[in-house]
Amino acid sequence: LIRPAEQRDVLDIVISVKQFCKEVPHAAWGKFDSTKVQELVSNLIDNEAGFVHVGTHEEEIVGAMIACVTPLPINSFVFAQELMFWLDPSHRNGRTAPKLIDSYVVWAEKAGCDFIRLSTLDHLLDSRAGVLFKRKGFTPVETAYIKEVK
């Protein structure tokens with residue numbers, strides 16, 4: 001079941017984000033601030049420009065998509081920007097991910113977005129999320145490079 005998240009789901013989503021961060025072998029995801037994530041998720045649940053949907057199995061949260069509407073600074077286009085897309089490892093090759101993506105697309109269209117963005121960490125995680133994104137009609141456009149500075 002895919003459904004909009006409720007405030008009662010915030011703790012489970014924060015735990016999911018923490019698990020996701022542990023999976024990513026990069027310093028940018030290595031430090032986790034549960035208070036910051038809790039505030040973000042809680043605020044996005046209550047905001048029209050926010051999207052937080054969860055995938056559940058037997059009433060347990062097994063995945064989440066968190067996103068927001070953001071204008072581009074160089075023109076008048078509006079993007080739906082995915083901030084986090086996480087699935088429990090045991091649900092990664094099933095129907096949960098496509099259904100979460102579908103609910104995200106419907107929301108973005110209703111929010112008046114011109115473009116919908118999804119990100120992948122395929123290179124870091126040796127995963128194949130990008131294959132699913134392409135099947136759902138997304139096109140790779142940009143590659144991010146990160147340099148740590150102290």
Side-chain angles (χ1 to χ4, degrees), residues 1-26 28-29 32 36-146:
L1 174 68
I2 305 301
R3 63 171 175 78
E6 301 171 357
Q7 290 298 330
R8 66 182 169 92
D9 299 320
V10 171
L11 179 59
D12 288 333
I13 295 169
V14 170
I15 291 168
S16 297
V17 173
K18 184 176 184 178
Q19 290 173 332
F20 172 76
C21 289
K22 285 181 177 180
E23 287 182 44
V24 181
H26 192 279
W29 284 263
F32 176 79
K36 191 170 186 174
V37 174
Q38 181 177 353
E39 289 174 7
L40 172 69
V41 172
S42 183
N43 289 338
L44 288 175
I45 287 172
D46 291 336
N47 190 320
E48 281 185 26
F51 176 87
V52 184
H53 278 202
V54 294
T56 63
H57 178 73
E58 297 178 357
E59 298 185 30
E60 293 291 321
I61 292 176
V62 297
M65 171 88 75
I66 302 170
C68 64
V69 172
T70 183
L72 284 181
I74 60 168
N75 54 39
S76 61
F77 289 131
V78 178
F79 264 66
Q81 174 64 56
E82 167 255 336
L83 303 172
M84 190 210 73
F85 183 22
W86 174 86
L87 291 170
D88 183 90
S90 64
H91 291 269
R92 289 189 181 158
N93 290 318
R95 295 184 308 225
T96 306
K99 288 180 179 181
L100 276 168
I101 293 170
D102 291 344
S103 66
Y104 174 48
V105 169
V106 168
W107 167 80
E109 290 171 344
K110 287 181 181 176
C113 294
D114 299 293
F115 296 95
I116 304 167
R117 183 177 174 145
L118 284 171
S119 301
T120 178
L121 294 168
D122 285 353
H123 181 71
L124 282 174
L125 299 176
D126 196 29
S127 61
R128 297 179 37 84
V131 173
L132 171 62
F133 298 169
K134 287 177 186 176
R135 278 196 325 225
K136 298 302 269 175
F138 290 79
T139 304
V141 172
E142 182 176 335
T143 300
Y145 291 82
I146 296 174

Original post:
Could you go step by step and tell me if Phe133 and Ile101 meet the side-chain contact (heavy atoms from CB on, under 4.5 Å) rule?
Top reply: CA-CA 8 Å; Phe133 298 169; Ile101 293 170; 3.8 Å; yes

Determine whether a donor-acceptor pair (N or O, by modelled atom type, separation under 3.5 Å) exists between the side chain of [X] and the backbone of [Y].
| X | Y | result |
| --- | --- | --- |
| Ser103 | Leu100 | yes |
| Tyr104 | Leu118 | no |
| Ser42 | Gln38 | no |

Subject >> Pairing of Glu23 and Arg92 as salt bridge, 4.0 angstrom limit >> reply: yes

Subject >> Check ion pair Arg3-Asp9 (N to O, under 4.0 angstrom) >> reply: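 Yes, Arg3 and Asp9 are salt-bridged.
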
As an exercise, state the distance from [atom1] of [X] to [atom2] of [Y], rounded to the nearest 0.5 Å.
| X | Y | atom1 | atom2 | value |
| --- | --- | --- | --- | --- |
| Leu40 | Ile13 | CG | CD1 | 10.0 Å |
| Met84 | Leu44 | CE | CG | 11.0 Å |
| Arg128 | Asn93 | CZ | CG | 9.5 Å |
| Gln81 | Phe51 | CD | CZ | 13.5 Å |
| Ile61 | Ser16 | CD1 | OG | 6.5 Å |

With heavy-atom distances below 4.5 Å as the criterion, would you say the side chains of [X] and [Y] are in contact?
| X | Y | result |
| --- | --- | --- |
| Asp102 | Trp107 | no |
| His26 | Ile146 | yes |
| Val78 | Thr70 | no |
| Val54 | Met65 | no |
| Phe115 | Phe138 | no |
| Gln7 | Asp46 | yes |
| Phe79 | Ile116 | no |

Can you name the nearest heavy-atom pair linking [X] to [Y], along with the distance?
| X | Y | answer |
| --- | --- | --- |
| Ala80 | Cys113 | N-SG, 3.6 Å |
| Ser119 | Glu82 | N-OE1, 2.7 Å |
| Thr120 | Ala129 | OG1-CB, 3.7 Å |
| Leu132 | Ala97 | CD2-CB, 3.6 Å |
| Leu83 | Cys68 | CD1-SG, 4.2 Å |

Subject >> Within 6.0 angstrom of Glu48 CD, more than 12 heavy atoms from elsewhere >> reply: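 Counting other residues, nucleotides and ligands, CD of Glu48 stays at 12 neighbours or fewer.
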
For [X], side-chain contact (heavy atoms from CB on, under 4.5 Å) partners two or more places apart:
| X | result |
| --- | --- |
| Gln19 | Ile15, Trp86 |
| His91 | His57, Val62, Asp88, Thr96 |
| Asn75 | Leu72, Phe77 |

Original post:
Taking Val52 as the fixed residue, which of Ile66, Val10, Asn47, Asn43 is the one that meets the side-chain contact (heavy atoms from CB on, under 4.5 Å) rule?
Top reply: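 Of all the options given, the one that passes is Ile66.
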
